[in-house]
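Structure first, commentary second.
In what follows, chains carry the letters A, B, and so on, assigned in the order in which the sequence lines appear, proteins first and then strands, with residues in each chain numbered from 1.
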There are 4 protein chains.
Amino acid sequence: MTARFTDGRVPDPGIRRLFAPAGRWQRWLDVEAALALSEAELGVIPSASGAAIAAAATFDRLDIDRVARGIAATSHPLMALVRELSREAGDDHGGWVHWGATSQNITQTGDLLVIRDAHILLLGLLSDVLRAAGDLAERGADMVAPGRTHGQHAVPITFGFKVAAWIDELCRSADRLRQVEPRLFTAMLGGAVGTFASLGDVGPAVQAQVAERLALRSMIVPSRATADAFAEYVCLLAVLAGSVGRIAREIYAMMSTELGEAAESAPTTTVGSSTMPHKKNPQLTDNCIAISAQVRALAPLALEAMLQDHEVSGAYTEMMEDAVEQAAVLSGDLLTRMRMILSGLQLDRKRMRHNLTLTGGLISSEAVMLALGTVIGRQQAHEVVRQAARQVHPGLPFGETLRRDHRVTDHLTAEELDQLLDPLRHVGQSAEIAHASAIRAAAVAEEIDTRRRDGAARNGHAAPSVVKARADLADAEVVAPI
Amino acid sequence: MTARFTDGRVPDPGIRRLFAPAGRWQRWLDVEAALALSEAELGVIPSASGAAIAAAATFDRLDIDRVARGIAATSHPLMALVRELSREAGDDHGGWVHWGATSQNITQTGDLLVIRDAHILLLGLLSDVLRAAGDLAERGADMVAPGRTHGQHAVPITFGFKVAAWIDELCRSADRLRQVEPRLFTAMLGGAVGTFASLGDVGPAVQAQVAERLALRSMIVPSRATADAFAEYVCLLAVLAGSVGRIAREIYAMMSTELGEAAESAPTTTVGSSTMPHKKNPQLTDNCIAISAQVRALAPLALEAMLQDHEVSGAYTEMMEDAVEQAAVLSGDLLTRMRMILSGLQLDRKRMRHNLTLTGGLISSEAVMLALGTVIGRQQAHEVVRQAARQVHPGLPFGETLRRDHRVTDHLTAEELDQLLDPLRHVGQSAEIAHASAIRAAAVAEEIDTRRRDGAARNGHAAPSVVKARADLADAEVVAPI
Amino acid sequence: MTARFTDGRVPDPGIRRLFAPAGRWQRWLDVEAALALSEAELGVIPSASGAAIAAAATFDRLDIDRVARGIAATSHPLMALVRELSREAGDDHGGWVHWGATSQNITQTGDLLVIRDAHILLLGLLSDVLRAAGDLAERGADMVAPGRTHGQHAVPITFGFKVAAWIDELCRSADRLRQVEPRLFTAMLGGAVGTFASLGDVGPAVQAQVAERLALRSMIVPSRATADAFAEYVCLLAVLAGSVGRIAREIYAMMSTELGEAAESAPTTTVGSSTMPHKKNPQLTDNCIAISAQVRALAPLALEAMLQDHEVSGAYTEMMEDAVEQAAVLSGDLLTRMRMILSGLQLDRKRMRHNLTLTGGLISSEAVMLALGTVIGRQQAHEVVRQAARQVHPGLPFGETLRRDHRVTDHLTAEELDQLLDPLRHVGQSAEIAHASAIRAAAVAEEIDTRRRDGAARNGHAAPSVVKARADLADAEVVAPI
Amino acid sequence: MTARFTDGRVPDPGIRRLFAPAGRWQRWLDVEAALALSEAELGVIPSASGAAIAAAATFDRLDIDRVARGIAATSHPLMALVRELSREAGDDHGGWVHWGATSQNITQTGDLLVIRDAHILLLGLLSDVLRAAGDLAERGADMVAPGRTHGQHAVPITFGFKVAAWIDELCRSADRLRQVEPRLFTAMLGGAVGTFASLGDVGPAVQAQVAERLALRSMIVPSRATADAFAEYVCLLAVLAGSVGRIAREIYAMMSTELGEAAESAPTTTVGSSTMPHKKNPQLTDNCIAISAQVRALAPLALEAMLQDHEVSGAYTEMMEDAVEQAAVLSGDLLTRMRMILSGLQLDRKRMRHNLTLTGGLISSEAVMLALGTVIGRQQAHEVVRQAARQVHPGLPFGETLRRDHRVTDHLTAEELDQLLDPLRHVGQSAEIAHASAIRAAAVAEEIDTRRRDGAARNGHAAPSVVKARADLADAEVVAPI
């Protein structure tokens, strides 16, 4: 994907790096290590071989150039790495490397460790975004501004209410991302086609042990052709991207010259236009709108990638790998930017107030109709007020047309009418909802952070993983990397 | 959408009908009724008006032609229905119809009742599909056939194992569809922009009561611009469609002249081709492959429809309504067909056996490699067997090339080799997994059916809904319609 | 697809009807007729049989209920119709019906006649839209308004310039739709798999004659699995929908309370909101935004439908038929609405003028920079003006900050500055481009209409089709139906 | 995007490199050079400045690190490059750099030069693919194999006929890619919003000159918000990807164990599976199937990116740039692989012959029906043959069931029946079509190559571009880079 011109001032969230060859190879080696240790423990391979293989399964001990050359020669993702690992494990043990496994067992399970690392980073970013949104909801809880439906002023809201609706969507995404974990983060070690034929009756136990070592669930039917959880994950990231895209578009609109209610912060060195020196353009929101579309466009790719044939087809696996990697990387870029936008968002309370006056009072039509409706009935009041509203023009405000209509003045006093026409009195529960949402955002953020700290996010259930046998694997890989 | 030529023999699942104008209007009236009753109970409108409005809110009592003409005149979805309901409620009560609500409150909440009805039908179909798949897994648990990866024979499986992988995907979809319920099935009664300005402090209580009456959840932030749960729902139906599409493609492949391992049942009057009298073509599987693509194509539409602006835009609401309706209707057609396919699937055990022989024994290469590998190491065994495999040709089966290679015969006896070359001995846990999956399928189906019976599927939590005040509403609308 | 609430005031473009069963069946019969006549002329079947079949191939002469029952019994799209046609043709001739053809030959070629009818209607609508846009460009050629980039005021434009850009896109779509015709509108009569095996050496001649009779091109390789032109067509309609969607979004934005530069016309009976009596919402533009997304969402479906397997698969044909039909029907609804919007668009010249003042003069920053740049160099001028712009606030307009800066006043007189700050002087070629585009729109519309009249649009080349033998076929089918 | 494991043996087509920062920056500098030269010639800027700027506009003369730091500081794509170019042009001339232009004028026009370079490479690859396909059609023109519809044996074809259908699709893509050129390759130099306000009346002439220098067309309405041609281009690449994906899927199927009619060539060092030593998997076809999906998934992104707002929005520009770049890069990878596949495809004539026998003669049912139909009528013959076909089973071939049916034997002699049952006699025009398509493929390839040599592909019309003033720009940039 094309670089973005804001890259210089937006920190990289670290997800790109996880998917780089070095990151993926180490995760594949981790799976080979966990496999060897588990097989050793269950008596499938010699005990010493398990330990030797696990010890050798470190990126640093391998000749990576040789692996790269091997991949080029074989056009195979793993065989060269397995050979190198065998070599490094030594003559007595190398023959037991990769025992009973097919390549995809290693690459898919290893990639899931990468994806889980990315997932934990994404959750962290989502938590940050929620906290920033919570602060913003609080900041804007009482800032009254026009509510707009179909692009038209409707009734007043407060800015905090608007943010509350954003928080609501984001919290549901947090829910979804938690719920998908046990479906997604599973070890798949069923061998050539998933029947455990290469390991016999002990097969399921080997897979269960590997899963436990890697703090994954054990796949119920370890078919290589099963990809629904990957597609679901991409779709859920796309839903999150939909929410973030909506927020970005909203801020973009509020930044417009005509609205001017909010503005992205930017360093003073930022240039808006090469030909219009006054321009202060949205930039991070532009990025977010674009990235949102890019992530959403991966959903059909991931859904098509479910259409595996027979016991597996590399074509569909390749599609899915691409969709998941892109979705994760782009989501990281997206959330990082949204965090910056929300944290630094400038609000213009005065402008919001000013904008409330733009319709000459029409923004209060509902309030008037309801007050009138209690006396003459809602539908009739709707018609009376609608007629009054149609007469409004720049020189004739709504209050005036109402005051001229006896069907109104028969039932409402001048004072009542004044109060009804005050937009500040017609914001309903905006502030209460904003405050409550700020608390909810903080609580959900806290919950995410707690789960990340506890490692629960890793395997989708509460119990912490028990990693046996290899300390560095436990340290480096299973403990959350952040 | 174009009619399908199998429509004559496939029952309509009843979802299309739910979305027809009559179905939607009644649901909208149900929401108006629940609103009036709740407002009456909370003292917002006169008690007698609540009862009168609820009583009038029946499709049968209204002049539908007048409503239709009103819609044409106003270009507004609801106003004409509200007027007609007001008229029918009578002079004393009609003025309190739709009190405090905006149209989308009624149409969206009412449509969610329609969608929930559709959802319950879809769950029922999924349950049926799971049962049929369970039976099929059981039937094929021991039928040995070639496993195929990348279109090539790999190692043997049993047909039941293949079905187990389908069941696995479908069970996860059942999970997902259960988890989305509390997010999706919510009452949205916040008024013009969601702030409850029209109802004041009692607003949240009104929404909560309406929700309870309709066995929905109460929306936390009742913003009209919030659409993430709809998008999620379409995505989840697309994931389900991905799974069903994969199953259909697999059956299509197994029906091919060259494989011939399975066949769709069809009435004897079915014609395959107008020019090739012998043709017995897949038809329902063709439908399923096509419908799967159609449903999946709705995911980007639903995701784009999340991009609401400000407090709502009718354009995006319109997109989403279309995406959800199409996804539900198509999913019904899809599952109905898949149920028929799986229930009637003909399996050809003999042909599967025959197909095992097509590679001249190569399908057993893994078994030989592993046996050899325990002696000479896995990677070296891989190379030895690979060389032997390369020499195989129609006149020279794999067993023969192995027997000629002393690197093999040094370590394996003729009898051992014979056993290793028997594909029936290398199916691993295929049968066990098939049996377990049949049980799981039945259990998940049972759980779905129980939840549908208990009404839990309606509101996403275990507690049955408490519907007060209007008996026929309770009977007709809240109890599952099937 | 869901009905739209504006259907009462928007005429149906007539495309839906073309795809209804009656419309398709008649087109299929037309192809059977053309086939029989061609085969008779080439001596493949008896001459009398050709005439008899052609005479019988009329919807009105057939027992349609029997056909419908036959379809239900056979699950086959065509066989029942062929039988009915055979019966009607009589004992001596019925045996020659459908000679040498496979069903898809008839259904695909016949559906292409339907699609061509739809295409001609779409071209007519596009022509109307272009004329309306041309008038609008002319009307707004001199109305100065803020140009906006990234949501910020940039430099002035005229409204007509904006419309010119729309016209530009639409003209290119007219080009595309013309260029696709010879690729799309082709007769496919190659028999079971496209090899002409059923007809022998005369096969290509039969196809060529059928094509000529139906004013189609003859397919070069009549493979049933070839679908690229259909996918292209859906993509081109999606590109057109992208353009129309952009126009609709622009008008939606210009209708917003804050911009107020343009407004959709609507009958006075239209209701905007059930709770806010003052609301005058966009409605047709909402429809257009939604339909644009719906059409665009069909592109991936059509592209996936290209993935036919072997010599054909019904699943992919089914996908494509759905994509094409939906794209055509929705495009008709879209263009009909856009025609209405553009024809009736209300422009507010005063409001545009007012909006030019919103930045306190900053909209003229480029003009000032360029004038200054001729003296001190562009990049330095950019910096000077940028600094002046940063000081502007509601109480301090741009002119004032410039007048206080000697780096400006050293080079520009007060009078020069005043002129530079007048936005009406900085619209460049806006008006000229608007006028030229109005002429271009009319010319392209005229060209479309001429081609439609001449029938050239039917077959993608200039020569009029020569329809022989069957007068009513010539009248009813080949002459443009509008 | 994820690397592919075949990268070691597939040459990079060189498109990725074109889009790298260095490639794009040089193209942007080329546009600045052309702009300065044109403005100098038209008297807009001093003549010496034009020459000085053009001379300085070379990547090699600039301090690229400073540019990179400038981009980071400004978050602006071009400003830093413009400053650096100004500096390098020197005090007397630097002030005239970028005169009258806005950044997108330079970046979009420059990127179009990059895209055109990519386009020329893609056309070259398409030409290669066509030549390879032509050779293949010729090689397989007479190889009889089963035609398959809906996965079932239908009637015989020759392999060459199958390839002819591929060629047909590819030739239409060549047409499309030629036709889009004049729409796509246009210079956009209208300034801040496209009105030429910064240049006045000479603006259109400047744009025309720049266009001529760069062998582009001059954009009719140089609005920055116009993006339809980009979306069209991505869609056309997606259609091409659809065709190539279909071919790849077909070859994948023909490589399957059960069909075995064709096979991808691969180096002997290639490894199919880490656990099944015998496996010879499709690899390049897998890649092609995956890449096809990846390209097709960009169509909705590009279509959404058309939805620019007002006079431009960076968000949509960013989306589109990403879509176009990815589509071009992926298409290059796709065509490179397809060229390798087709060039090296192994065909198994014997296996094809064998496969013809798999239905026990049913593949000849159409031939028998037609012969019988000439006597007893087509529809009756269909029924007779259908009944005979239904009795066929492994022990009872079709010929036998026919010979037992007097309704057949009354009309056909034993000898006639034998001939009708010979699949080699029922391939129709397969060979003729294959030969003709081979010639057509070569001709279209030749035409592409000629156009590329003549430079016509650069600007979509026949006249060679006239590049004035700067020799190295002419050499390096306008002459096709391959």
Look at the side chain of Ser430(D) and the backbone N and O of Ile157(D), then say whether any donor-acceptor pair between them is shorter than 3.5 Å. no

Would you indicate whether the side-chain heavy atoms of Leu237(C) and Leu177(C) approach each other to under 4.5 Å? yes

If I measure from the heavy atoms of chain D, does Val427(C) come under 4.5 Å with its side chain, its backbone, both, or neither? backbone

With a 4.5 angstrom heavy-atom cut-off, which part of Ala225(D) approaches chain C: side chain, backbone, both or neither? both

Measure distances from Gln308(C) to the heavy atoms of chain D and classify the residue's part below 4.5 Å as side chain, backbone, both or neither. both

Against chain C, work out which of Phe161(D), Phe196(D), Tyr316(D), Trp96(D) has the most heavy-atom pairs shorter than 4.5 Å and name it. Phe161(D)

If I compare all heavy atoms of Gly245(D) with all of Ile289(D), which pair ends up nearest, and what's the gap? O-CG1, 4.5 Å

Part of Leu370(C) lying under 4.5 Å from any heavy atom of chain D: both

Shorter than 4.5 Å, heavy atoms on both sides: which option in Met369(C), Glu169(C), Arg425(C) has the most such pairs with chain D? Glu169(C)

Please flag which part of Glu304(C) lies under 4.5 Å from any non-hydrogen atom of chain D: side chain, backbone, both or neither. both

Toward chain C, the part of Ser243(D) with a non-hydrogen atom under 4.5 Å: both

Ranking Ser86(D), Ala197(D), Gly377(D) by heavy-atom pairs under 4.5 Å to chain C gives rank one to Ala197(D)

For Pro146(C), is it the side chain, the backbone, both, or neither that has a heavy atom closer than 4.5 Å to a heavy atom of chain D? backbone

Classify the side-chain pair Arg87(C)/Gln379(D) by whether it contains a donor and acceptor separated by less than 3.5 Å. no

Which portion of Ser437(C) sits near chain D, non-hydrogen atoms under 4.5 angstrom: side chain

Smallest heavy-atom separation, Leu199(D) atom then Val202(D) atom, equals O-CG1, 3.3 Å

Applying a strict 4.5 Å limit to non-hydrogen atoms, the region of Ala101(D) in contact with chain C is backbone

Quick one about Thr149(C) and His310(D) (side-chain donor to acceptor, distance below 3.5 Å, no hydrogens or angles considered), yes or no? no

Between Arg386(C) and Glu366(C), is the closest basic N to carboxylate O distance under 4.0 Å? no

Measuring from atom OG of Ser364(D) to atom CG of Leu424(D), what distance do you get when rounded to the nearest 0.5 angstrom? 9.5 Å

Atom group of Met79(D) that falls short of 4.5 Å from chain C, counting heavy atoms: side chain

Non-hydrogen atoms of chain D under 4.5 Å away: do they reach the side chain of Asp91(C), the backbone, both or neither? neither

Using the test salt bridge (Lys or Arg N to Asp or Glu O under 4.0 Å), find all partners of Asp168(D) that sit at least two apart in sequence or belong to another chain. Arg172(D), Arg440(D)

Name the region of Ala192(D), side chain, backbone, both or neither, that has any atom closer than 4.5 Å to a heavy atom of chain C. both

Side chain to side chain, Glu250(D) and Trp166(D), heavy atoms closer than 4.5 Å: yes

So what's closer than 4.5 Å to chain C heavy atoms on Ile433(D): side chain, backbone, both or neither? side chain

Going by an N to O cut-off under 4.0 Å, is there a salt bridge joining Asp309(C) and Arg246(D)? no

Heavy-atom contact with chain D under 4.5 Å, split by part of Ala154(C): side chain

Any donor-acceptor N/O pair, Glu311(D) side chain to Arg148(C) backbone, under 3.5 Å: yes

What is the minimum heavy-atom distance between Ala164(D) and Val221(C), and which atoms define it? O-CG2, 3.7 Å

With a 4.5 angstrom heavy-atom cut-off, could you sort out which part of His382(C) is near chain D: side chain, backbone, both or neither? side chain

Counting heavy-atom pairs under 4.5 Å with chain C, which one of Gly194(D), Ala248(D), Ala315(D), Ala241(D) comes out on top? Gly194(D)

Between Ser103(C) and His76(C): side-chain donor-acceptor atoms closer than 3.5 Å: yes

Bottom line for Arg249(C): the part with an atom under 4.5 Å from chain D's heavy atoms is side chain

Which bit of Leu259(C) is near chain D, if near means a heavy-atom gap under 4.5 Å: side chain, backbone, both or neither? side chain

Name the region of Gln380(D), side chain, backbone, both or neither, that has any atom closer than 4.5 Å to a heavy atom of chain C. neither

Under 4.5 Å from any heavy atom of chain D - which part of Ala238(C): both

No-hydrogen, no-angle side-chain donor-acceptor test under 3.5 Å, Gln179(C) and Asp175(D): no

Sidechain N-carboxylate O distance under 4.0 Å for Arg183(C), Glu232(C): yes

Chain C interface, residue from Asp201(D), Thr102(D), Ile45(D) that has the most non-hydrogen pairs under 4.5 Å: Asp201(D)

So which part of Thr317(D) gets closer than 4.5 Å to some heavy atom of chain C, the side chain, the backbone, both or neither? neither

For Val97(C), is it the side chain, the backbone, both or neither that has a heavy atom under 4.5 Å from a heavy atom of chain D? both

Between Val82(D), Leu236(D), Thr374(D), the one whose heavy-atom pairs under 4.5 Å with chain C are most numerous: Thr374(D)

Against chain C, label Arg224(D) side chain, backbone, both or neither, depending on which of its atoms sit under 4.5 Å from a heavy atom there. side chain

Given that the side chain runs from C-beta out, which part of Ala305(C) has a heavy atom under 4.5 Å from chain D: side chain, backbone, both or neither? neither

Can you tell me how far apart CG (Leu240(D)) and CZ (Arg176(D)) are? Round to the nearest 0.5 Å. 9.0 Å

Highest number of heavy-atom pairs under 4.5 Å with chain C: which of Cys235(D), Pro300(D), Ser198(D)? Ser198(D)

